[in-house]
**Student:** 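Before we start, here is the structure in question, set down as structure tokens.
Atoms considered below: every heavy atom in the structure, side chains included; atoms not considered: hydrogens, waters and symmetry mates.
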Amino acid sequence: LATGPRQDNSIFYEIRTYDIKPSKMKEFLEMVNKYIHFRTAHSELVGFWYTELGAMNKVFHIWKYDNFAHRTSVRHALANDKDWQGKFISVVLPLIEKQHNEVAYLVPWCQLGKPPKEGGVYEWVTFQMKPGGPALWGEAFRAAINAHINTGYTRLIGVFHTEYGLLNTVHVLWWNESPDHRAAGRHSAHEDARVVAAVRDSVRFLESQQNALLIPLQCSPLK
């Protein structure tokens, strides 16, 4: 996050969150794993997860686009894809209670990462910052993120800043070996003077935050 452009290209990420009917979650996940290949034939899927803690019956998925024209062409192609519409969309729409999407950019000091191995868990943390944008809170936020990285207990996957949706929102995606590994690391971080100092500085600009523990689907590129 900086006072200048977020990045030097037009690539952005669409973050989609669906609330699934509680009795239909298993069916929805099975449908995604079975038919997602029709969707990924049109554009790149970054990851697909369901929530384990912090929220119930939600799924998160992130799609990468070269620019807005690319997204428009993909949406047009999907609307005319008979397999996608007939085998997936028509079946799963009755399973979904609510849909929400955002457009976000990776912050310029962060590249999209990958976990060192499969089989871990992901943490999705949403920070609602005070109005003013990165010019106001960007440096403090980056310092807080780096302080957590430097403890070594967690792996940063990506930091996304919203362009469409609720503004001044930053989503941070972390990877840990397990929920217990994450808990132990958090306890250590709370006693780390570097983390404490950086967090105290950054919370001056914080309105609210929430997190969720995510489990990747079998079809997810990020596992």
**Student:** Using a 3.5 Å distance criterion without hydrogens, assess whether the side chain of N67 forms a donor-acceptor pair with backbone atoms of H70.
**Tutor:**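 Here the side-chain-to-backbone pair exists.
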**Student:** For K82, enumerate each residue passing the salt bridge (charged side-chain N to carboxylate O under 4.0 Å, His left out) test, keeping only those at least two apart in sequence or located in another chain.
**Tutor:**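 Here no residue qualifies.
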**Student:** Restricting to side chain to side chain contact (heavy atoms under 4.5 Å, CB included), what partner residues turn up for K26, sequence neighbours left out?
**Tutor:**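 Testing K26 for side chain to side chain contact (heavy atoms under 4.5 Å, CB included), a comparison that skips the adjacent residues, returns E30.
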**Student:** Give me the atom names and distance for the closest heavy-atom approach of E102 to G165.
**Tutor:**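 It is CG-CA, 4.4 Å.
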**Student:** Show your reasoning for whether side-chain contact (heavy atoms from CB on, under 4.5 Å) applies to M25 and Y50.
**Tutor:** CA-CA 9 Å; M25 190 66 168; Y50 67 88; 3.7 Å; yes
**Student:** Are L166 and I15 grouped together when hydrophobic residues (ILVMFWY) are joined by side-chain heavy atoms under 4.5 angstrom apart?
**Tutor:**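 Looking at the clustering, I15 is in a separate group from L166.
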**Student:** Taking C-beta and beyond as the side chain, do H161 and V159 meet within less than 4.5 Å on heavy atoms?
**Tutor:**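 No - every pair of side-chain heavy atoms lies 4.5 Å or more apart.
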**Student:** Is there a side-chain contact between W63 and T40 (heavy atoms, below 4.5 Å)?
**Tutor:**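 With C-beta onward as the side chain, the pair touches.
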**Student:** What residues form a side chain to side chain contact (heavy atoms under 4.5 Å, CB included) with V196, not counting sequence neighbours?
**Tutor:**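 Applying side chain to side chain contact (heavy atoms under 4.5 Å, CB included) to V196 gives R200.
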**Student:** Quick one: pull up CD1 in I11 and CG in D66 and give me the separation to the nearest 0.5 Å.
**Tutor:**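 That separation rounds to 6.0 Å.
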**Student:** In chain order, what residues pass the side chain to side chain contact (heavy atoms under 4.5 Å, CB included) check against Q85, with sequence neighbours excluded?
**Tutor:**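 For Q85 the side chain to side chain contact (heavy atoms under 4.5 Å, CB included) partners, ignoring immediate neighbours, are I89.
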**Student:** Tell me whether the rings of Y35 and F38 are parallel (<30°), tilted (30 to 60°) or perpendicular (>60°).
**Tutor:**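 Rings of Y35 and F38: parallel, as their planes differ by under 30°.
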**Student:** So, applying side-chain contact (heavy atoms from CB on, under 4.5 Å) with L156, which one of V172, N146, L112, L173 is it?
**Tutor:**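 The passing option is V172.
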**Student:** When you look at K64 and I62, which way does the side-chain contact (heavy atoms from CB on, under 4.5 Å) test go after all the steps?
**Tutor:** CA-CA 7 Å; K64 181 180 179 181; I62 303 175; over 6 Å; no
**Student:** Applying salt bridge (charged side-chain N to carboxylate O under 4.0 Å, His left out), name anything that partners E14, two or more places apart in sequence or on another chain.
**Tutor:**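 Applying salt bridge (charged side-chain N to carboxylate O under 4.0 Å, His left out) to E14 gives R16, R71.
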**Student:** Using the test salt bridge (charged side-chain N to carboxylate O under 4.0 Å, His left out), find all partners of K58 that sit at least two apart in sequence or belong to another chain.
**Tutor:**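 Testing K58 for salt bridge (charged side-chain N to carboxylate O under 4.0 Å, His left out), a comparison that skips the adjacent residues, returns D19.
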**Student:** Take a 6.0 Å sphere around CZ of F68 and say whether it holds more than 12 heavy atoms from other residues, nucleotides or ligands.
**Tutor:**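 Yes, CZ of F68 has more than 12 neighbouring heavy atoms, counting only those of other groups under 6.0 Å.
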**Student:** Calculate, to the nearest 0.5 Å, the distance between atoms OG1 and NE2 belonging to T151 and H190 respectively.
**Tutor:**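 NE2 of H190 is found 10.5 Å from OG1 of T151.
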**Student:** What heavy-atom pair brings Q111 and L106 nearest, and what distance separates the two atoms?
**Tutor:**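 Heavy atoms only, the tightest pair is C-CD1, 4.4 Å.
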**Student:** Is any side-chain heavy atom of H148 closer than 4.5 Å to one of Y153?
**Tutor:**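 Yes, close enough: below the 4.5 Å cut-off.
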**Student:** Which residues pass the salt bridge (charged side-chain N to carboxylate O under 4.0 Å, His left out) test with R75, sequence neighbours left out?
**Tutor:**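 Scan of R75 (salt bridge (charged side-chain N to carboxylate O under 4.0 Å, His left out), adjacent residues dropped) gives none.
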**Student:** Between T17 (side chain only) and F60 (backbone N and O only), is there a donor and an acceptor less than 3.5 Å apart?
**Tutor:**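 Not a single qualifying donor-acceptor pair exists.
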**Student:** Contact between R39 and L45 at the side-chain level, heavy atoms closer than 4.5 Å - yes or no?
**Tutor:**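 Counting from C-beta outward, R39 and L45 never come under 4.5 Å.
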**Student:** For T126, check side chain to side chain contact (heavy atoms under 4.5 Å, CB included) against everything at least two apart and list the hits.
**Tutor:**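 Partners of T126 under the side chain to side chain contact (heavy atoms under 4.5 Å, CB included) test: W124, T169, H171, Q210.
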**Student:** What pair of heavy atoms forms the shortest contact from K117 to W175, and how long is it?
**Tutor:**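 Closest heavy-atom pair between K117 and W175: O-CZ2, 3.7 Å.
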**Student:** Identify every side-chain donor-acceptor pair in residues 212-223 under 3.5 Å, counting partners at least two apart or on other chains, and give the distances.
**Tutor:**
from: S220; atom 1: OG; to: F48; atom 2: N; distance (Å): 3.0
from: S220; atom 1: OG; to: L222; atom 2: N; distance (Å): 3.4
from: S220; atom 1: OG; to: L222; atom 2: O; distance (Å): 2.7
from: K223; atom 1: NZ; to: Q218; atom 2: O; distance (Å): 2.9
from: K223; atom 1: NZ; to: S220; atom 2: O; distance (Å): 2.8

**Student:** Sorted by first residue and then second, give each ring pair (Phe, Tyr, Trp, His ring centres under 6.0 Å) pair with at least one member in residues 76-98; sequence neighbours left out.
**Tutor:**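 Qualifying pairs, neighbours excluded: W84-F88.
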**Student:** Please determine whether residues I96 and V91 belong to a single hydrophobic cluster, defined as Ile, Leu, Val, Met, Phe, Trp and Tyr linked transitively by side-chain heavy-atom distances below 4.5 Å.
**Tutor:**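 Same cluster.
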**Student:** Rounded to the nearest 0.5 Å, how far does NE2 of H42 lie from CG of N80?
**Tutor:**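 Going from the CG atom of N80 to the NE2 atom of H42 covers 9.5 Å.
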**Student:** Which salt bridge (Lys or Arg N to Asp or Glu O under 4.0 Å) pairs, counting each pair once, include a residue from residues 179-190, with sequence neighbours left out?
**Tutor:**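 Applying salt bridge (Lys or Arg N to Asp or Glu O under 4.0 Å) to every pair that reaches into residues 179-190, excluding sequence neighbours, yields E123-R182.
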**Student:** List the atom of A143, the atom of A198, and the distance in Å for their closest heavy-atom pair.
**Tutor:**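 The pair with the smallest heavy-atom distance is O-CB, 3.8 Å.
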**Student:** Looking at every heavy atom in both G132 and W137, which two are closest together, and how far apart are they?
**Tutor:**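 Residues G132 and W137, closest heavy atoms: C-NE1, 4.4 Å.
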**Student:** Locate the shortest heavy-atom distance separating F205 from D201; write the atom from each residue and the value.
**Tutor:**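 Nearest heavy atoms, F205 then D201: CE1-O, 3.9 Å.
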**Student:** Under 6.0 Å between the ring centres of W174 and H181?
**Tutor:**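 No, the ring of W174 stays outside the 6.0 Å limit from the ring of H181, centre to centre.
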**Student:** N168 versus K130: any side-chain heavy-atom pair under 4.5 Å?
**Tutor:**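 No. Closest side-chain heavy atoms not under 4.5 Å.
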**Student:** Taking a hydrophobic cluster as the set of Ile, Leu, Val, Met, Phe, Trp and Tyr residues connected by side-chain heavy atoms closer than 4.5 Å, whether directly or through intermediates, do V59 and M56 fall within one such cluster?
**Tutor:**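 Unlinked, V59 and M56 end up in two clusters.
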**Student:** Tell me the salt bridge (Lys or Arg N to Asp or Glu O under 4.0 Å) pairs involving residues 103-114, sequence neighbours left out?
**Tutor:**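 Pairs touching residues 103-114 that pass the test: none.
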**Student:** Would you say L167 ends up clustered with Y105 if hydrophobic residues are merged whenever their side chains have heavy atoms under 4.5 Å apart, either directly or through other cluster members?
**Tutor:**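 Y105 does not cluster with L167.
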**Student:** Could you grab the distance from atom NZ of K98 to atom CD1 of I20, nearest 0.5 Å is fine?
**Tutor:**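 Result: 11.5 Å between the selected atoms.
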**Student:** I'd like to know if the side chain of E177 and the backbone of V121 have a donor-acceptor N/O pair within less than 3.5 Å.
**Tutor:**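 It does not hold such a pair.
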**Student:** For a 4.5 angstrom cut-off between non-hydrogen side-chain atoms, does M129 reach F141?
**Tutor:**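 The answer is yes; the side chains approach within 4.5 Å.
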